[in-house]
2 protein chains.
Amino acid sequence: MSNPKDTFIDCENCPIRKRRIFRQFEKDDVTYVSKFKTGELSVEAGAAILIEDQKSPHLYTILEGWAYRHKQIVEGKRQILNFALPGDLIGLQLSVLNEMEHSVTGLTGMKLCVFERSEVWDMFKASPALGFSLAWQAAREEQMLDGHLLNVGQRTAQARVAYLVLHLYDRADAIGYACNNALDAPFNQQHLADALGITNVHANRTLRKMIKNKLLTWQDKTIVIRDREALEEISHYERDEDGKRMII
Amino acid sequence: MSNPKDTFIDCENCPIRKRRIFRQFEKDDVTYVSKFKTGELSVEAGAAILIEDQKSPHLYTILEGWAYRHKQIVEGKRQILNFALPGDLIGLQLSVLNEMEHSVTGLTGMKLCVFERSEVWDMFKASPALGFSLAWQAAREEQMLDGHLLNVGQRTAQARVAYLVLHLYDRADAIGYACNNALDAPFNQQHLADALGITNVHANRTLRKMIKNKLLTWQDKTIVIRDREALEEISHYERDEDGKRMII
DNA sequence: CGGACTGTTGATCGGTATCAATGCTCGTGG
DNA sequence: CCACGAGCATTGATACCGATCAACAGTCCG
C-alpha cells in the first residue's frame, strides 16, 4: 500500500505558495507546514466546509476554488461576509477563539489543505513565522471586512456593486482567476445581493442598469469590466498596492 | 531625576490584566510584555490615535477610555467600524500588515500602553503566547466585524440599534463600564448613526420610538436597557458566553 | 450674550423592499 | 425526444423605509 500522503501536493512545491505574490518562507518553516498539514480535502461545488456553531477539528488553506463565509439571522436573511480564494485560510476564528460564528460554503469544487486545530498552539511555539503568518491572515481579513462594512454601510447599490466587482477582480487577478478585465465569477446574483445587503431583485435592476451603461458585462459566469475608471469613480475604490502576502 | 518608567503601571500589577475575564499569562510572558511596553500615553477626549494612511511607529493597548475605529469614503460619508474598550489592541493591522486603512479616535480621555511596532516580530519569536494573543485579538475583532456587517447588511434600523446597544452593553459590562443595565455611553447619536449606516436624523427618530416603547432610555450620556428581552427579540441578538479573553 | 454642538421634528423625495408573474436554461426521467 | 421541474434572471406595480432639506430648541461654554 502506498502512503496516501505521497499523493499530496507537498508544501515545498506547492503551486500556490510559489506564486510571486506570496512571501517565501525559510526552509525550516516550510518543513513545519508540511508536518502541520495532515491531509487534503476535495469537495464538490456547494459543499459546506464549516458550519456555524459546529466545532470542526480542522482548519484549511484553499488550494483551488472559491468559497464564501456567511452568517444568518433567520431563514432568508443571510449576509455573505466575504469570499475566499486560493491561499486564504478557512477556520481562523475557530483555530484561535475556539468558536465558530459563521459558516463557510464552497462556490465551486474545491481542493483544501487540511490542518489540525489542536496543533495551532504548537505551531506558534515551533515556528514564529507561521504564527505571524496566521496573525497576518487575520489582520488582512479584518481589513477586507472593514472595506465591506464601509461598502454596505455608506454606499448606494450601484456603488456597492462597483466596489465589490473591483475588489473581487483584483483578488482573483492576484491568484490567476481573472485577467484582461474578465473575472471568472462562480456566484449568482443572489450571492452578490447577500454580500451587498440588498435584495436579489434590486441587485438585478442595478446590474441591468450598469450593463446598459457599459460599465461591465456578466454572461456565462464571467464578469467583464468594461470601464474600470468609471467603476472606480462611482465607488471611490482604490486598488491597494500588492505587497507580498503570507500563506500557511 | 526619577526614571519615568517608574511611574508606569507595571504589567504584573496591571488592573486590566488582573480582571477575571482575562486569561492570565505565565510569568515569563508578563515579563516580556513589560519589556515590550515602552511608554504610556494619555490623551484628551476626541484625540486622533491613529490616522488612515499614516504609519505610526506605535501600537497600543487601551488602559482606560473608549475609542472608535472609522473609515471615510468622502467628506461626510463615514463608517464607524467598531468601538474599542480597555484591553483592546489598537493598531493591530498596522503591526502585521504594515498598512493603516482606517483611523482610530478617542471618545473619552484615554490612557494607553505604548508598544513599538518594530518589535512585534521579535515578540513572536520571544513569546509564542504573546504572538498567539495578538492573533487572538485579531480573530476576535474579525468576529465582531462579522456581527456588525450582518447587522448593517440585513437588519432594519430599529433592530440595528437594538443589536448595537446590547453588544456595547455586554462589552462594557465585561470590563466594568456598565452595570445594572446602565451603560456609560460617551458617544452621541451621530456616532451611533455612523456605526449603523443610517443618518443621524433617522437614528434619532428610531431612538425616540424605542424610548417611547420603553425599550431603553438615553439621558445624560447614559443608556439604560429597560427591556432586554424585547431588544434581543427584535435583533435576534445572542450574548456570547464569556470565556477567558486574551490581552497583550 | 452669542455661538457651537447636539438633539428634535416636519415635509418631501427617492432608493430599495416586497409581491407577483413570466421567461430562460439546463438537467432529468418518462 | 419531449415534458417537466428546479433554479435563476427579469420585469412590473406598489409600498415603505430611510435620506434629504430645513427649521428650531436645548445645553454648554467662552
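Throughout, a chain's letter reflects where its sequence line sits, starting with A, and its residues are numbered from 1.
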Nucleotide range of DNA chain C contacted by chain B, 5' to 3', under 4.0 Å to a heavy atom? C:dT6 to C:dA11
Rounded (10°) bend between the five-pair end axes of the helix from C:dC1-D:dG30 to C:dG30-D:dC1: 30°
Please identify which of these residues, A:Arg160, A:Arg155, A:Gln158, meets the side-chain contact (heavy atoms from CB on, under 4.5 Å) condition with A:Ile234. A:Gln158
Quick one: do the B:Asn151 and B:His148 side chains pair a donor with an acceptor below 3.5 Å? no
If you measure only the distance, is there a donor-acceptor pair under 3.5 Å linking the side chains of B:Gln93 and B:Glu101? no
Which pairs count as ring pair (Phe, Tyr, Trp, His ring centres under 6.0 Å) when at least one residue sits in residues 209-242 of chain B, sequence neighbours excluded? B:Tyr163-B:Tyr237, B:Phe187-B:Trp218
Enumerate donor-acceptor pairs with a distance under 3.5 Å from any side-chain N or O in residues 175-183 of chain B to protein atoms, sequence neighbours excluded.
residue	atom	partner	partner atom	Å
B:Tyr177	OH	B:Gly65	N	2.9

The contact string for nucleotides 8-26 of chain D, one letter per nucleotide 5' to 3', using protein heavy atoms under 4.0 Å with B, S and - for base, sugar-phosphate only and none, comes out as SSSBBB----BSBB-----
Just how far is it from atom CG of B:Asn82 to atom CZ of B:Arg171, taken to the nearest 0.5 Å? 5.0 Å
Rounded to the nearest 0.5 Å, how far apart are CG of A:Asn204 and CD of A:Gln189? 4.5 Å
Do NZ/NE/NH1/NH2 and the carboxylate oxygens of A:Glu75 and A:Arg78 come within less than 4.0 Å? no
Could I get the full list of side-chain hydrogen bond (donor to acceptor under 3.5 Å, both in side chains) partners for A:Asp173, not counting sequence neighbours? none
Would you find more than 12 non-hydrogen atoms of other residues, nucleotides or ligands less than 6.0 Å from B:Glu52 atom CD? yes
